[in-house]
Amino acid sequence: MITREEHGPLWVLTLNRPEKANSLTRAMMEELITHLEEANGVVEALVLTGAGKVFSAGADLDEAREGLATDSIWEELSARIAALRCLSIAALNGTLAGGAFGMALACDVRLAVPEAKFFYPVMKLGYLPQPSDPGRLAALTGPSRARMLLMGGAKIGADEALAWGLVDRLHPREALMDAARELAADACAAPQGHAARIKAMIPRVWSHI
């Protein structure tokens, strides 16, 4: 349910469960972690995207009821993405919801299609967000807007997400992956490890909130 495309120094990981809105099972997250481990220090750019018209609806409902919603693997997955020694790009092909936020927030850059919606219903469901998500979210949107999403149950569209700083650019669906590859081009053309060295110079603002 995870596909991997290798294009030299660029890898593309795709959540490939469109019939279930790319909702995440524990097995999918374990597979993602394996791919990320194999990519780290090898690639210069990595794109994370989804198949179909939804990036991810969050946790698989059946597994969420069995405890996946509070499993520490969510935090492990986002930590692996944040630790990548390369440029990481979330190419959000559609709606981003719930626990799937962690993956996108941990990426360096977020691109989205204009049809995407964004919501993180932890207040309604009675769960806590992943530990690192509130800080990363507040660093992008500001604390008040982070509270709107996490505490007020706000559901926002792509235009508002762009205005808030939650995503960096919007692209038509047919142009999304080309835009991601274009953004990754300089990192892939640079000497090996150069992207990692520049990334290390950029402060992690979220860690200070």
For this session: For the pair T95 (side chain) and A116 (backbone), establish whether a donor and an acceptor sit closer than 3.5 Å, ignoring hydrogens and angles.
Result: no
Problem set entry | Interatomic distance, L149 atom CG to F119 atom CZ [nearest 0.5 angstrom] | 11.0 Å
Problem set entry | CG (L125) with more than 12 external heavy atoms under 6.0 Å | yes
Problem set entry | V167 and L92: CA distance, side-chain angles, deciding distance, side chain to side chain contact (heavy atoms under 4.5 Å, CB included) verdict | CA-CA 9 Å; V167 299; L92 304 172; 4.1 Å; yes
For this session: Examine distances only and state if a side-chain atom of T34 and a backbone atom of E30 form a donor-acceptor pair shorter than 3.5 Å.
Result: yes
For this session: Decide yes or no for E38 and R4: does some side-chain heavy atom of the first lie under 4.5 Å from some side-chain heavy atom of the second?
Result: yes
Problem set entry | Derivation of the side chain to side chain contact (heavy atoms under 4.5 Å, CB included) call for Y127 and T70 | CA-CA 7 Å; Y127 298 126; T70 56; 3.8 Å; yes
Exercise. Would a 4.5 Å heavy-atom cut-off, applied to side chains only, mark D60 and R17 as touching?
Worked result: yes
Problem set entry | Atom CD of Q192 with >12 non-hydrogen neighbours under 6.0 angstrom | no
For this session: Output yes when a side-chain donor or acceptor of S56 lies under 3.5 Å from a complementary backbone atom of N22, and no otherwise.
Result: yes
Problem set entry | E6 CD: over 12 foreign heavy atoms closer than 6.0 Å | yes
Problem set entry | 4.5 Å side-chain heavy-atom contact, L46 and I89 | no
Exercise. How far does CD of E5 sit from CH2 of W11, to the nearest 0.5 angstrom?
Worked result: 12.5 Å
Problem set entry | Main-chain N/O of L87 paired to E44 side chain as donor or acceptor, under 3.5 Å | no
Problem set entry | Closest approach of M177 to A91 (non-hydrogen atoms, all atoms of both residues) | SD-CB, 3.9 Å
For this session: Could you tell me whether the side chain of N40 and the main chain of R85 form a donor-acceptor pair under 3.5 Å?
Result: yes
For this session: Kindly compute the distance separating CH2 (W164) from CE (M148), expressed to the nearest 0.5 Å.
Result: 4.0 Å
Problem set entry | R169 atom CZ, over 12 foreign heavy atoms within 6.0 Å | no
Problem set entry | Within-4.5 Å side-chain heavy-atom neighbours: L176 and N93 | yes
For this session: Report yes if some heavy atom in the side chain of L105 is under 4.5 Å from a heavy atom in the side chain of L166; otherwise report no.
Result: yes
For this session: Could you go through the side chain to side chain contact (heavy atoms under 4.5 Å, CB included) check for R181 and V47 one step at a time?
Result: CA-CA 8 Å; R181 285 187 284 266; V47 177; 5.7 Å; no
Problem set entry | E63 CD to M28 CE distance, which is reported to the nearest 0.5 Å | 10.0 Å
Exercise. If we only count heavy atoms from C-beta on, is the L36 to L13 side-chain gap below 4.5 Å?
Worked result: yes
Problem set entry | side chain to side chain contact (heavy atoms under 4.5 Å, CB included) between M103 and F55, intermediate numbers included | CA-CA 11 Å; M103 295 187 294; F55 175 74; 3.9 Å; yes
For this session: Evaluate the salt bridge (charged side-chain N to carboxylate O under 4.0 Å, His left out) criterion for residues K53 and E115: first the C-alpha distance (whole Å), next the side-chain angles of each, then the deciding distance (0.1 Å), finally the verdict.
Result: CA-CA 9 Å; K53 295 184 177 181; E115 302 85 4; over 6 Å; no
For this session: To the nearest 0.5 angstrom, please state how far the CG atom of L128 sits from the CE atom of M123.
Result: 9.0 Å
Exercise. In this structure, are over 12 heavy atoms from other groups packed under 6.0 Å from H194 atom NE2?
Worked result: no
Problem set entry | Any side-chain heavy-atom pair of R136 and S78 under 4.5 Å | yes
Problem set entry | Salt bridge flag under 4.0 Å for residues E37 and R80 | yes
Problem set entry | Any side-chain heavy-atom pair of I81 and L48 under 4.5 Å | yes
For this session: Please round to the nearest 0.5 Å and tell me the distance separating atom CG of D71 and atom CG of L24.
Result: 12.0 Å
